[in-house]
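Below is one structure, written out as C-alpha cells; comments come after it.
From a predicted model like this one, the values you see are computed outputs, not experimental measurements.
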Number of protein chains: 2
Amino acid sequence: MNLPPLIQTFVLHFGEMGSRWGINRTVGQIYALLFLSSEPLNAEDIVERLGVSRSNVSMGLKELQAWNLVRLQHRPGDRRDYFSTPDDIWQIVRTLVEERKKREIDPTLTLLREVLMQEPASAEERHAQTRMRDMHDLFELLTDWYAEMQRLETERLVQLLKLGTKVQKILDVKDRLFLTSGSKKRGGSGKDK
Amino acid sequence: MNLPPLIQTFVLHFGEMGSRWGINRTVGQIYALLFLSSEPLNAEDIVERLGVSRSNVSMGLKELQAWNLVRLQHRPGDRRDYFSTPDDIWQIVRTLVEERKKREIDPTLTLLREVLMQEPASAEERHAQTRMRDMHDLFELLTDWYAEMQRLETERLVQLLKLGTKVQKILDVKDRLFLTSGSKKRGGSGKDK
DNA sequence: TCGTAATTTCAGTATTTTCTGAAATATCGG
DNA sequence: CCGATATTTCAGAAAATACTGAAATTACGA
C-alpha cells in the first residue's frame, strides 16, 4: 500500500468498516480512496495505491457501480475508465440509504406481507404473525418517513435535522393554538425505559 | 430445522439478512426465532428448532447478549437460561441503533477527529482532510439528531415520524408568524435532483 | 479488419469465518 | 464438598468468501 499516512489511516479504517457491512475490505478501501481523492482515478492508479491485483480492483469497481456509489468518467484522448465519488457527501448518503433499502428493507417487507396473508395453523403461528405484523408496521412507518425525507432538498433536510426535537415545542404551540386533535390524557409520567 | 412453515420462512430470511449485517446466519436465525416466540426459549429448545450444534447456539447467544439484544430469564425450579426479546419492538430498534452507533460511528468519529488534528504534508493530504471534515460534520449532525430522538418517548417519536415533512409546513407558518431568522432568498426553483 | 490497450471473467488458491464435538468449567440443591 | 445438569471454551473441520494470475473479451483508432 502506497499512500500518505493520513490517507492510509482512513483507507484502512474503511476497509475494516466495510467488513461489518457486507462489503469486503478491498471494496471499502477503493471507495475510501476515491472519496478522498481530488480527482478521478483509473483502475491502475488504484492498483498502485492499494497494492492489490488488477482483477480485484476490477471486481471492486464493478460492485461499487452496482451500488451506484461511483461515477464513471473519461478523459479526452485516454480510453481508460476514471472513477470518482460525488462531491456532495449528502448525495452519497442518499444513495447508500436508497440502495440498502432496496436490498434489505424492501424484500423483507415483501416477505412479511406474504407471510401475513397466510392462515396460521396453530396458536404458535398466530403469535408469530402478530410479531411479524409489528415488524411490518414499523418498517412501513420508517420507509414512509424515509421517502418523505429523501424528497427534501438537502438544505431543508439539514435544517430539519438541526432542529431535532425542538420541533416538539413548535408542535406543542400548535396544539395549544388550534386544539385540533383530541386532548389525550397528559402528564402520566411514562414507564419509559 | 424443525419449525412451522410460516416461522421457518421468517427465520431463514433473517438468517440470510444477518449475513449482510456483519452478523452470522445462525445468530440471525436465533434472534428471529426468539423474536417470534411467545415465550422464552432455552438453548436446547433452540438447538432442536434450528438443528445446529449446542456450542453454536451458546456462542450465538453470547453474541446477542453482547449486543444487548436478548433478555436472560429464569424459571423457578429450572436452572437453565431462558432467552427472550423485548415485547416492545421499538426497544429493539433503539438497542440496535445504539449498539451500531457504538461500534461503527463512534470509532469512526474518533478516528476522523484524530486525523483532522494532524498537519497535512501535501496538497493531496489537504484535500483529503477537507473531505474528512465533510464526513465528520455529517456524522456529527446525524449523531446529534439521533441523540435527541433516542431521548423521546416512543409515542412522541412515532408521532414525529408520522408527521414527516408536514413539519415543514408548520415551520413555514412559524416563519411567517414570527419572522425571527433572516429572510433568505426564497422561491428560486430548486435545481433539485 | 487489425493491432493495441483496457477491462472482465474465471478456475484455482488463499484467507477468513463459521460450525462442531469433546473437554473443561460453572452452578446449584443438598 | 458431591453429583448432576447446564454452559462455555477451543482446536480442528467445513464452508464461505476474497483474491490472484492468466486467458478471454471488449473497445477503439487506424
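- Distance from the side chain of B:N24 is smallest to C:dC19 among D:dT9, D:dA4, C:dC19.
- In this structure, the side chains of A:L163 and B:W145 stay at 4.5 Å or more apart for every pair of heavy atoms.
- The side chain of A:N56 has D:dC19 as its nearest neighbour among D:dC19, C:dT20, C:dC19.
- Counting distance only, with no hydrogens placed and no angle test, the side-chain atoms of B:S55 and the base atoms of C:dG21 include a donor-acceptor pair under 3.5 Å.
- Rounded to whole angstrom, the span from the CZ atom of A:R20 across to the P atom of C:dT17 amounts to 11 Å.
- The separation between B:E16 atom CD and D:dA15 atom P is 16 Å, rounded to whole Å.
- When atom types are taken as modelled, the side chain of B:R71 and the backbone of B:P40 share no donor-acceptor pair closer than 3.5 angstrom.
- Comparing C:dC10, C:dG21, D:dA6 by their nearest atom to the side chain of A:M59 picks out C:dC10.
- The interatomic distance linking A:I46 (CD1) with D:dC19 (P) rounds to 14 Å, in whole Å.
- Nearest to the side-chain atoms of A:S58 among the listed nucleotides D:dT8, C:dT7, D:dG21 stands C:dT7.
- When distances are taken from the side chain of B:K62 to each of D:dT9, D:dT7, D:dC19, the shortest belongs to D:dT9.
- With D:dC19, D:dT7, D:dT20 as the choices, the nucleotide that has an atom nearest any side-chain atom of A:T26 turns out to be D:dC19.
- Rounded to a whole Å, the CD1 atom of B:I23 is 12 Å from the P atom of C:dC19.
- Nucleotide C:dT7 holds its P atom 10 Å from the CG atom of A:D45, rounded to whole Å.
- Side-chain contact between B:E124 and A:P4 is present, with heavy atoms from C-beta onward closer than 4.5 Å.
- Hydrophobic clustering (side-chain heavy atoms under 4.5 Å, transitive across Ile, Leu, Val, Met, Phe, Trp, Tyr) keeps B:M17 apart from B:V52.
- In this entry the distance linking CG of A:D81 with P of C:dA5 reads 17 Å, nearest Å.
- Checking the phosphate oxygens (OP1, OP2) of D:dT7, no side-chain nitrogen or oxygen of B:R80 falls inside 4.0 Å.
- Checking D:dT7, D:dC19, C:dT7 against the side-chain heavy atoms of A:R25 singles out D:dC19 as nearest.
- Protein atom CD of B:E63 is 17 Å distant from nucleotide atom C1' of D:dT7, rounded to whole Å.
- Atom CZ in A:R54 sits roughly 15 Å away from atom P in C:dA5 (whole-Å rounding).
- Taking A:T9 as the reference, B:L111, B:V115 meet the side-chain contact (heavy atoms from CB on, under 4.5 Å) condition, with sequence neighbours excluded.
- The base of C:dT4 lies close enough to the side chain of A:R79 for a donor and an acceptor atom to sit less than 3.5 Å apart.
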